[in-house]
Trainee: 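Mind having a look at this structure? Questions to follow.
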There are 2 protein chains.
Amino acid sequence: MPTLKFSRQREAIKGYLAGTKEHPTADTVYAELKKDYPNISLGTVYRNLNLLVDMGEIIKIPTSDGGIRFDFDVSDHCHLICEKCGRVEDISLDESIISSINDQAQSTYDGLVKDHEIQFFGLCKHCLEETNTQ
Amino acid sequence: MPTLKFSRQREAIKGYLAGTKEHPTADTVYAELKKDYPNISLGTVYRNLNLLVDMGEIIKIPTSDGGIRFDFDVSDHCHLICEKCGRVEDISLDESIISSINDQAQSTYDGLVKDHEIQFFGLCKHCLEETNTQ
DNA sequence: GTAGATGCAAAATGTTTGCATGGGG
DNA sequence: CCCCATGCAAACATTTTGCATCTAC
């Protein structure tokens, strides 16, 4: 594999992802970076996002509508997708459950279980309050 | 909403999904049905798959590569995605874990947790054996 | 100077939609 | 007969890719 060279754009992408809790799509990253780097291209954003995923510096979150969102937080955590507004929020689970879940799965599966990902569906705080007051 | 009318194609789609454990993509469904119904169109497959999802007769499985697969089994179960061949297989978990996981998530979340979905990553039986013998 | 990174645009994917036609009720 | 479902193709949205240029090293 080729040696990685410094890139102002890649740093900016990492910086933006590190500073937001929004779990943005590639297009959102592009729109945000365009403010500071008017010449940046969508292709560059995609190329760098995929690079960062391959290097394990960020993770992909596939949503049920087929879209993909990106997250700078690579620690073991889950996401809730708001069924109303589509927002993606972080959720943490008890360590004991998370660590036993792979073993549980492995015990009935004849292949190899390496890892897992848990996604929740429901309403974010904002949409829940809106529902309650209507 | 309009009344649903019988459709030979929709029945065939349901029939195919009911008879396979392959968790096919829309395109695979199309290719399979084309054998029996050479005139069927991709648009019809997509329209009916979406219809069936909306009616709750089948479920969508979003995979990490951004693709979507369909499953006739709407019961509460999980999937393992093989990192090597992309195959999607069923995995069952202990009832007690599944039922407590929403409560666990809800206890630290300020919105509303309704449902969840667990995906595992690893190797299917076939790819595991291939790895071991190499 | 060389190889990787970029911007741009074209191409490749995957999915939806408009419309005239066909078929179930 | 009416209206939904279909086939077909065009439209769309999203992601990847080819290529000339630029830039880190």
Side-chain angles (χ1 to χ4, degrees), chain A residues 1-17 22-55 57-71 81 85-86 88, chain B residues 1-17 22-55 57-71 81 86-88:
Chain A
M1 91 175 83
T3 325
L4 216 55
K5 209 172 274 192
F6 173 85
S7 138
R8 181 183 298 276
Q9 288 87 337
R10 182 159 52 243
E11 287 308 303
I13 291 173
K14 281 169 65 175
Y16 169 61
L17 285 177
E22 293 299 314
H23 310 88
T25 63
D27 210 69
T28 306
V29 173
Y30 172 63
E32 282 300 316
L33 290 212
K34 197 127 189 154
K35 295 175 185 170
D36 288 333
Y37 305 84
N39 289 331
I40 200 171
S41 80
L42 236 195
T44 297
V45 171
Y46 273 103
R47 265 185 293 237
N48 279 305
L49 285 174
N50 287 337
L51 246 177
L52 292 170
V53 169
D54 291 344
M55 296 190 299
E57 297 201 21
I58 64 176
I59 55 172
K60 276 185 178 181
I61 312 171
T63 59
S64 35
D65 60 0
I68 293 191
R69 283 152 171 277
F70 296 90
D71 192 348
I81 300 177
C85 70
V88 176
Chain B
M1 89 175 84
T3 325
L4 217 54
K5 208 172 275 191
F6 173 86
S7 137
R8 182 183 297 275
Q9 288 87 338
R10 182 160 52 244
E11 286 308 302
I13 290 173
K14 280 169 64 175
Y16 170 62
L17 285 177
E22 293 299 315
H23 310 87
T25 62
D27 212 66
T28 305
V29 174
Y30 172 63
E32 282 301 317
L33 290 211
K34 196 129 186 149
K35 295 176 184 169
D36 288 331
Y37 305 85
N39 290 330
I40 200 171
S41 79
L42 236 195
T44 296
V45 171
Y46 273 104
R47 263 185 295 236
N48 279 305
L49 285 173
N50 288 337
L51 247 175
L52 292 169
V53 169
D54 291 344
M55 296 190 299
E57 297 200 22
I58 63 176
I59 56 171
K60 276 184 177 179
I61 312 171
T63 58
S64 36
D65 60 0
I68 292 191
R69 285 153 168 276
F70 297 89
D71 192 349
I81 301 177
R87 199 184 309 246
V88 176

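Quick note on labels: first sequence line is chain A, next is B, and so on, each numbered from 1.
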Trainee: Using a 4.0 Å heavy-atom cut-off, does Leu42(A) contact any base of the nucleic acid, only the sugar-phosphate backbone, or nothing at all?
Mentor: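 The answer is base, as Leu42(A) lies within the cut-off (heavy atoms under 4.0 Å) of a base atom.
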Trainee: Quick one: label Arg47(A) by what it contacts on the DNA or RNA (base, sugar-phosphate, nothing), any heavy atom closer than 4.0 Å.
Mentor: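 Base, at least one base heavy atom under 4.0 Å.
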Trainee: Look at the side chain of Arg47(B) and the backbone N and O of Leu42(B), then say whether any donor-acceptor pair between them is shorter than 3.5 Å.
Mentor: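 Answer holds: no.
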Trainee: May I ask you to say what Asp27(B) touches in the nucleic acid, namely base, sugar-phosphate or nothing, with a heavy-atom cut-off under 4.0 Å?
Mentor: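 It contacts nothing in the nucleic acid.
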Trainee: Looking at Ile58(B) and Phe70(B), what are the two nearest heavy atoms and their distance?
Mentor: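 Minimum heavy-atom separation between Ile58(B) and Phe70(B): CD1-CD2, 3.9 Å.
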Trainee: Which whole-number value in Å describes the distance from Leu51(B) CG to dT6(D) C1'?
Mentor: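 Checked: the CG to C1' distance equals 13 Å.
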Trainee: Could you tell me how far apart Glu11(A) (CD) and dT23(D) (C1') are, to the nearest whole angstrom?
Mentor: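 That distance rounds to 15 Å.
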Trainee: Search all heavy atoms of Leu49(B) against all heavy atoms of Leu17(B) and return the closest pair with its distance.
Mentor: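 Looking at all heavy atoms of both residues, the closest pair is CD2-CD1, 4.0 Å.
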Trainee: From CG of Leu4(B) over to P of dG23(C), roughly how many Å is that when rounded to an integer?
Mentor: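 For the pair Leu4(B) CG and dG23(C) P, the rounded distance is 18 Å.
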Trainee: Looking at Asp71(A), is its backbone amide N or carbonyl O close enough to the side chain of His23(A) to form a donor-acceptor pair, meaning the two atoms are under 3.5 Å apart?
Mentor: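 Checking the backbone N and O of Asp71(A) against the side chain of His23(A), no donor-acceptor pair under 3.5 Å is found.
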Trainee: Find the distance Asn39(A):CG to dA9(C):P and express it as a whole number of Å.
Mentor: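 Rounding to the nearest Å, CG of Asn39(A) and P of dA9(C) are 12 Å apart.
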Trainee: For Lys14(B) and dA5(D), what is the distance between atoms NZ and P respectively, to the nearest whole Å?
Mentor: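 To the nearest whole Å, that distance equals 13 Å.
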Trainee: Looking at every strand, decide which applies to Tyr46(A) at a 4.0 Å heavy-atom threshold: base, sugar-phosphate, or nothing.
Mentor: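 Answer is base: heavy atoms of Tyr46(A) come under 4.0 Å of a base.
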Trainee: Give the rounded distance in Å between these two atoms: CG of Asn50(B) and P of dG14(C).
Mentor: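 Distance check: Asn50(B) CG to dG14(C) P gives 16 Å.
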Trainee: Any idea which of dC4(D), dT15(C), dT6(D) is nearest the Lys5(B) side chain?
Mentor: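 Nucleotide nearest to Lys5(B)'s side chain: dC4(D).
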Trainee: Hey, is the side chain of Gln9(B) poking within less than 4.0 Å of OP1 or OP2 on dG7(D), counting only N and O atoms?
Mentor: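 Yes, within the criterion.
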Trainee: Just to confirm, is there a sub-4.0 Å distance from OP1 or OP2 of dG7(C) to any side-chain nitrogen or oxygen of Thr44(A)?
Mentor: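 Yes, Thr44(A) has a side-chain N/O under 4.0 Å of OP1/OP2 on dG7(C).
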Trainee: Yes or no on side chain to side chain donor-acceptor pair (under 3.5 Å) for Thr25(B) and Asp27(B), after CA distance, side-chain angles and deciding distance?
Mentor: CA-CA 5 Å; Thr25(B) 62; Asp27(B) 212 66; 5.7 Å; no
Trainee: Taking the nucleotide of DNA chain D with the closest heavy atom to each, which residue, Ser7(B) or Gly43(B), is nearer the 5' end?
Mentor: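 Checking each residue's closest nucleotide, the 5'-ward one belongs to Ser7(B).
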Trainee: In whole angstrom, give the distance that lies between atom CZ of Arg10(A) and atom P of dT23(D).
Mentor: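 The answer, rounded to whole Å, is 16 Å.
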Trainee: Nearest whole Å is fine: how far is dT23(D) P from Arg8(A) CZ?
Mentor: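 It works out to 10 Å between those atoms.
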